[in-house]
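Written out below as structure tokens is the structure these notes cover.
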Amino acid sequence: MPRYIFVTGGVVSSLGKGVSAASLGALLQSRGYSVHVRKFDPYLNIDPGTMSPLQHGEVYVTNDGHETDLDLGYYERFLGVKLSRNDSVSGGRIYWDVLNAERRGEYLGSTVQMIPHVSNKIKEYIGAPTGTDFVICEIGGTVGDIEQKIFLESIRQFANDVGRRNVLFAHLALAPYLEQSGELKTKPTQMSVRRLLENGIQADILFVRSPRMLTEEERAKIGMFCNLPAKNVITSMNVDNIYKIPLVYDSQHVFDIMAEHFGLPNASGDMSAFKKIEHYLENDLPTCTIGVVGKYFDIADAYKSLNEALFHAAVQNNVHLKIKKINAENFTTEECTDVDGILVPGGFGIRGVEGKIAAVQYARENNIPFMGICLGMQVSVIEFMRNVVGDKNANSTEFAKNCTPVIYIMKDCDKENMGGTLRLGAYPCNIKPGTLAEKIYGTTNISERHRHRYEVNIEYKDVLEKAGMVISGLSPDGKLPEIIILPVFVVLQYIRLLFSKNKIWV
């Protein structure tokens, strides 16, 4: 039976539960243990797929085509694991499952209640087999949220079901620093742990988000009020890069606390992957500026995976990265004069499309290295059709009804395998031998993740290629262009960047 770690949070949201959960997994992996991670979000959406990135951040897509919380991206990048639809579970999905089961008569006439029916469904997802040594479950929201209470009750029950020594509760709270008085206030942390205790859960390890390292006196004070040994009070210090967090935790002997709780042998870990990034950050290196032409810049997490992919590419190429945010809605070419490359990411809706097309044209005409992903690929084809082929009526049927439909929805698409209207998850692609795409991948058969509903119209393949475009990647049936290339372009239908790897040390 695997052992379980539950990560909860209090005081405020966005303290970094996802990074903390991933960091605990990294510490276990560095000692040779296998790890799986799951995220439970109390909100009532069935999944984040319909939620605006301006409100919730990016939607992260798993290999099996599930739209999930962005924290699953942290898990995959930190740990190199492949997660699935059963690893991102919302409150809405839980209630949906329970109510459908009730309609099917599966409860045999019982009165359906929060306990045991909803709590049992949550525990069913928690305990789904993984074949790993550890399962880390992050519980979204903050202690005290109404919709979170049933999840806290479920993990309390689960600990009793599998044995308290097989479960570790990790809690993340905030200790704000008041500049005027020069004091670090521990009361919010104390109150958060007290609220957790009201739900029947005693934290085994406490991560305190703080702008500086806690003193021994502060750790002792927090431990006393929170019913914990001082050594189990860990500073989750503000850092300039999230990949330093595992090193911060390792320096405070977090693995030793887990080993003591679970009865594991103490062991030193191989943290070289994270030390490599730390060393990279401290080095004086050339800077590469990438202009990202998008429209979801009002929230930092809207392009989280894209930013992380660019960062890892910079690490691999030993240059420091500067991302220049360029708003597609009021794009001007002057904004691109100081960039080393231009990237147009995915997006939905007509807002900002013409600005993205103008950015593609500027890159093509000025020989600026360019990458287009998803919608970025589609506007690249539109721009090429308009300004190289000469068809000014070229457009996507998403944006115009009466146009040359170089981007369209296939009439014979298999919507059952497309997540409704979207093509979601990993799909195979055959790469044309001898192309730049083959050189980058090192193979002619790949699989990458998608999240879009419109496709490049294969009927225009000959016209585009005659004008100089190379369609270097196609679906196995030859109907869906997946990669197009010009001399300075690499344009993808995929979500993930070509030059990024999921696992940080690959």
Side-chain angles (χ1 to χ4, degrees), residues 13-14 18 38-76 83-100 103 118 121-122 125 138-141 145-148 150-151 294-307 328-329 345-353 356 373-376 378 396-399 407-410 413-427 449-455 493-496:
S13 60
S14 301
R38 290 188 166 127
K39 175 71 182 290
F40 292 83
D41 275 303
Y43 54 69
L44 296 185
N45 302 69
I46 301 297
D47 61 45
T50 59
M51 297 169 71
S52 169
L54 296 175
Q55 182 179 108
H56 191 69
E58 75 165 12
V59 172
Y60 190 80
V61 178
T62 56
N63 259 2
D64 63 350
H66 192 61
E67 294 172 296
T68 75
D69 184 84
L70 60 85
D71 280 324
L72 268 74
Y74 287 129
Y75 307 154
E76 289 201 354
L83 303 178
S84 73
R85 64 180 59 248
N86 289 329
D87 299 318
S88 178
V89 183
S90 70
R93 185 175 173 190
I94 295 291
Y95 298 128
W96 181 268
D97 286 354
V98 170
L99 293 174
N100 278 310
R103 291 289 85 187
V118 175
K121 178 58 66 174
I122 293 171
Y125 276 106
E138 177 193 347
I139 308 300
D145 293 346
I146 291 174
E147 63 267 27
Q148 194 197 59
I150 188 60
F151 286 86
K295 61 180 179 181
Y296 302 125
F297 293 126
D298 290 342
I299 180 170
D301 286 338
Y303 294 115
K304 174 58 69 176
S305 288
L306 180 132
N307 294 341
E329 294 185 78
F348 291 90
I350 195 170
R351 186 166 57 87
V353 165
K356 293 181 178 183
I373 305 170
C374 200
L375 178 63
Q378 296 170 12
S396 168
T397 56
E398 180 181 4
F399 311 129
I407 309 295
Y408 78 138
I409 294 180
M410 290 180 63
C413 65
D414 181 2
K415 290 189 176 182
E416 184 178 345
N417 294 320
M418 289 178 63
T421 60
L422 290 175
R423 188 148 66 106
L424 286 167
Y427 284 81
R449 302 179 196 186
H450 297 62
R451 186 182 183 241
H452 58 92
R453 60 172 56 90
Y454 289 83
E455 306 284 351
Q493 194 77 305
Y494 313 136
I495 292 169
R496 203 190 70 180

Audit row: H450, L424, side chain to side chain contact (heavy atoms under 4.5 Å, CB included) steps and yes/no: CA-CA 5 Å; H450 297 62; L424 286 167; over 6 Å; no

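- Residues S396 and Y408 are not in side-chain contact: their nearest non-hydrogen atoms beyond the backbone lie 4.5 Å or more apart.
- Closest approach of D87 to L72, counting heavy atoms only: O-CD1, 3.8 Å.
- Residues forming a ring-ring contact (aromatic ring centres under 6.0 Å, His included) with F348 (at least two apart in sequence, or on another chain): none.
- Under the rule for a side chain to side chain contact (heavy atoms under 4.5 Å, CB included), the partners of N100 that lie at least two apart in sequence or sit in another chain are W96, R104.
- Not counting sequence neighbours, the partners of K304 by the salt bridge (charged side-chain N to carboxylate O under 4.0 Å, His left out) test are D301.
- In this structure, R449 does not pair ionically with E67, as no charged nitrogen and carboxylate oxygen lie closer than 4.0 Å.
- Side-chain contact check for D97 and Y125: at least one donor-acceptor pair (N or O, by modelled atom type) lies under 3.5 Å.
- With a 4.5 Å cut-off on side-chain heavy atoms, L83 and E76 count as touching.
- Y303 has its ring centre less than 6.0 Å from the ring centre of F297.
- The OG1 atom of T397 sits 5.0 Å away from atom OH of Y454, with the distance rounded to the nearest 0.5 Å.
- Of the N and O atoms on the side chains of N86 and R93, at least one donor lies less than 3.5 Å from an acceptor on the other residue.
- In this view, T62 and D64 satisfy the side chain to side chain donor-acceptor pair (under 3.5 Å) rule, not counting sequence neighbours.
- In terms of heavy-atom proximity, D41 sits nearest to F151 at O-CZ, 4.2 Å.
- Minimum interatomic distance between G349 and K295 (heavy atoms only, all atoms of both residues): O-NZ, 3.4 Å.
- T68 places none of its side-chain heavy atoms less than 4.5 Å from the side chain of V59.
- Taken to the nearest 0.5 Å, the CG atom of L375 stands 11.0 Å off from the CD1 atom of I373.
- Among residues two or more places apart in sequence or in another chain, the salt bridge (charged side-chain N to carboxylate O under 4.0 Å, His left out) test is passed with E329 by R351.
- Considering only residues two or more places apart in sequence or on other chains, F399 meets the ring-ring contact (aromatic ring centres under 6.0 Å, His included) condition with none of them.
- For E398, there are no side chain to side chain donor-acceptor pair (under 3.5 Å) partners, not counting sequence neighbours.
- To the nearest 0.5 Å, atom NE2 of residue H66 and atom CG of residue D47 are 5.0 Å apart.
- In this structure, the separation between CD1 on I94 and CD1 on I46 is 10.0 Å, given to the nearest 0.5 Å.
- V89 places none of its side-chain heavy atoms less than 4.5 Å from the side chain of R38.
- Atom OG of residue S84 and atom CG of residue N63 lie 9.5 Å apart, to the nearest 0.5 angstrom.
- If you check the side chains of Y296 and E58, you find no donor sitting under 3.5 Å from an acceptor.
- When side chains are defined from C-beta on, H452 counts as touching Q378, because their heavy atoms get closer than 4.5 Å.
- When every heavy atom of K356 is checked against every heavy atom of G294, the shortest pair comes out as CE-CA, 4.2 Å.
- Using a 4.5 Å heavy-atom threshold, the side chains of N45 and M51 count as touching.
- With sequence neighbours left out, the side chain to side chain donor-acceptor pair (under 3.5 Å) criterion links Q148 to no other residue.
- Residues G346 and C374 approach most closely at CA-CB, 4.0 Å, considering heavy atoms.
- Remark: R423 qualifies as a cation-pi partner of Y427 under the 6.0 Å distance and 45° angle criteria applied to the six-membered ring.
- Under the side chain to side chain donor-acceptor pair (under 3.5 Å) criterion, D69 pairs with K39, H56, sequence neighbours left out.
- Between P48 and Y43, the shortest heavy-atom contact is CG-OH, 3.2 Å.
- Side-chain atoms of E138 do not come within 3.5 Å of backbone N or O of F40 as any donor-acceptor pair.
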